[in-house]
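See below for the structure under consideration.
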Amino acid sequence: MREVAIIGIGETKFGELWDRSFRDIGIEAGLKAINDAKITSNDINALYIGTMASGSLIKQEHVSPILLDYAGLSSDHIPSIRIEAGEASGALAFHQAYLAVASGYYNIVVVGGAEKLTDVSEDVARDITSSTSDQEWETFFGVTQASQYALIANKHMNTYNTKREAMAEVAVKNHYHGSMNSTAHFQNKITVEAVLKSPPVSTPLGMLDCAPLSDGAATVILAPLDIARKFTDTPIKIQASTISTDTATLFHRRDICTFDSTILASKKAYDLAGIGSSQLDLVELNDNYTISEIIAIEDLNITKKGEAGKELLNGRYRIGDKPSINTSGGLKAHGQPYGAVGIAQIVEIVKQLTGRAEKRTVNGAEIGLTHTIGGIGSVSVINILKRVN
Amino acid sequence: MSVSRYWREAKSRYMLQGSKCGRCNRLFFPKRSVCPSCKSLSINNIDNFNLSGNGVIDAFTYVHEGLTGFEMQIPYVIAMIKLEEGISITAQVVDIDDNTKVYIGMPVRMVFRKIGEDGKSGMIYYGYKFSPDMANFG
């Protein structure tokens, strides 16, 4: 296996982009990344695209030839590959692209994630959001995605005495980080009181515990590390890229307060990278609901099980702490365009490691981890990225 | 939903019919044809098994933003229920009024109820929900 680096990044603003179509945002992010990597169309061997629900959201399946065509690459007839893994579609596309370059089969690969969530009404979007749960045995009976995370929150509070305010602190921290990110869906700060008073979605979770439904796209360019400096002075090395899968159905798990997929994928990634969680400077992790960040911090072994809430109440994980968690604003504030999420998390780590993270830059950061979830922890994708000195 | 997609799951949804590995006796709901413990050794050695429908609430939530078709029931209770046979299931808990305190450990039993419908003239769906089990309150 060859060593692989990220040589370019691009992303759109995340949010309600009513004047832009799926292909508009996909192409914008792609062209920005191609421009950033200073490559030309002749350099590109393949395109990988992560999108979760284009069929339900814009009634368009097989988006891979459309994005290839509108990127001006159809006459090159290169492979264009769409990957679906729920909310982790972009992260899985990245993993597949990484393997393709590491194996030596392709050299320069473009990996993009895109989702257009505001082309349907909020009710329809909520049904689609719940479609990564088991349709026959969960959703059929009225189980929403928020209700699944609410069950986890209820159990976690009961088992570990996790405080409601600790969950609120996740949203407050991530909105604070988002206030320093010009591409974030939400750039406003919020208070613990506002989170606690927000209208209930599925108790104990309120509206401000939930990440928004966003439009957005993000792209990165991969190349073998040994030629990466031909394109950029600041290649970011992929130290590890791992995946672990679990049941789709939440009630089939041994313990709903833990995502085994996250534990196993991160253990493998730490081993491959030769580091421990204490060496992480930056972490972009899944905070689609506030409780999700709490269990992710624990499952990534950043704290012991049951301790993340206390750490958050002590003001941990803000920009400048080690690790600084969700400096982009996370899914909560930066936004949640499903297929784009995994790539956007990688873009944030690259921005941080190359000094392009605006006012939220974490000085001296060298190692970052991304953690992307599809379904209710049904798949976890972990990437560990490192600055090359 | 097509009639066939609904009809083929009716026994499991009407009477909690799951399955049981003939090799290790592990129970499953819904049914499956390969036991995750015995793997290939369990193939063709799994039979149907009807669950009792008695259990206790292991985690619960009041859903205020429901799925399409559930709007009229808001807020409704969704719970993960530990069945007395040792396996879990997520379902709606009904017969709860404003004075009912839902709690972890609350005994519940399966009841047969209407789940939804395909519009005014379409198919009506039935299946399991759970209700507080007054006989087992202690």
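In what follows, every chain begins at residue 1, and chains take the letters A, B, ... in the order their sequences are listed. Scope of the values below: all heavy atoms of this structure, side chains included, with no hydrogens, waters or symmetry mates.
More than 12 non-hydrogen atoms from other residues, nucleotides or ligands lie less than 6.0 angstrom from CD of Gln135(A). By the 6.0 Å contact criterion, NZ on Lys268(A) is open, its count of non-hydrogen atoms from other residues, nucleotides or ligands being 12 or less. When the shell of 6.0 Å around CG of Asp98(B) is examined, it contains 12 or fewer heavy atoms from other residues, nucleotides or ligands. Other residues, nucleotides and ligands place no more than 12 heavy atoms under 6.0 Å from the CD atom of Glu193(A). Around NZ of Lys267(A), the count of heavy atoms belonging to other residues, nucleotides or ligands within 6.0 Å does not exceed 12.
When all heavy atoms of Tyr76(B) and Gly142(A) are compared, the closest pair comes out as OH-O, 2.7 Å. Here the shortest heavy-atom pairing between Glu9(B) and Trp137(A) reads OE1-CZ2, 3.4 Å. Of all heavy-atom pairs between His64(B) and Pro200(A), the closest is CB-O, 3.3 Å. In this structure, Gln92(B) and Phe141(A) approach most closely via the heavy-atom pair OE1-O, 4.1 Å. Residues Val63(B) and Ser147(A) share a closest heavy-atom pair of CG2-CB, 3.7 Å. For the pair Leu67(B) and Ser130(A), the tightest heavy-atom approach, listed with the atom from each and the gap, is CD2-OG, 3.7 Å.
Looking at heavy atoms from C-beta onward, Asn154(A) lies in side-chain contact with Ile104(B) at the 4.5 angstrom threshold.
Among the candidates His252(A), Glu138(A), Glu136(A), the residue making the largest number of heavy-atom pairs closer than 4.5 Å to chain B is Glu136(A).
For the atom pair Glu65(B) CD and Gln145(A) CD, the distance stands at 12.0 Å (nearest 0.5 Å). Distance check: Phe251(A) CZ to Leu83(B) CG gives 9.5 Å after rounding to the nearest 0.5 Å.
Using a 4.5 Å cut-off between heavy atoms, Thr139(A) touches chain B through backbone and side chain atoms alike. With a 4.5 Å cut-off on non-hydrogen atoms, Asp127(A) touches chain B through its backbone and its side chain both. Looking at Arg32(B), the atoms closer than 4.5 Å to chain A (heavy atoms on both sides) all sit in the side chain, from C-beta outward. Both the backbone and the side chain of Phe60(B) have a heavy atom closer than 4.5 Å to some heavy atom of chain A. Both the backbone and the side chain of Tyr128(B) come within contact range of chain A, each with at least one heavy atom under 4.5 Å from a heavy atom of that chain. For chain B, no part of Ile152(A) is nearby; none of its heavy atoms comes within less than 4.5 Å.
Looking at Thr203(A), its side chain never comes within 3.5 Å of a backbone N or O of Thr61(B) through a donor-acceptor pair. Arg126(A) places no side-chain N or O within donor-acceptor distance of the main-chain N or O of Thr68(B), the cut-off being under 3.5 Å.
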Run the side chain to side chain contact (heavy atoms under 4.5 Å, CB included) check on Thr90(B) and Leu250(A) step by step: do they pass? CA-CA 8 Å; Thr90(B) 302; Leu250(A) 186 67; 5.5 Å; no

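Classified by interplanar angle (parallel below 30°, tilted 30° to 60°, perpendicular above 60°), the ring pair Phe140(A)/Tyr125(B) is tilted.
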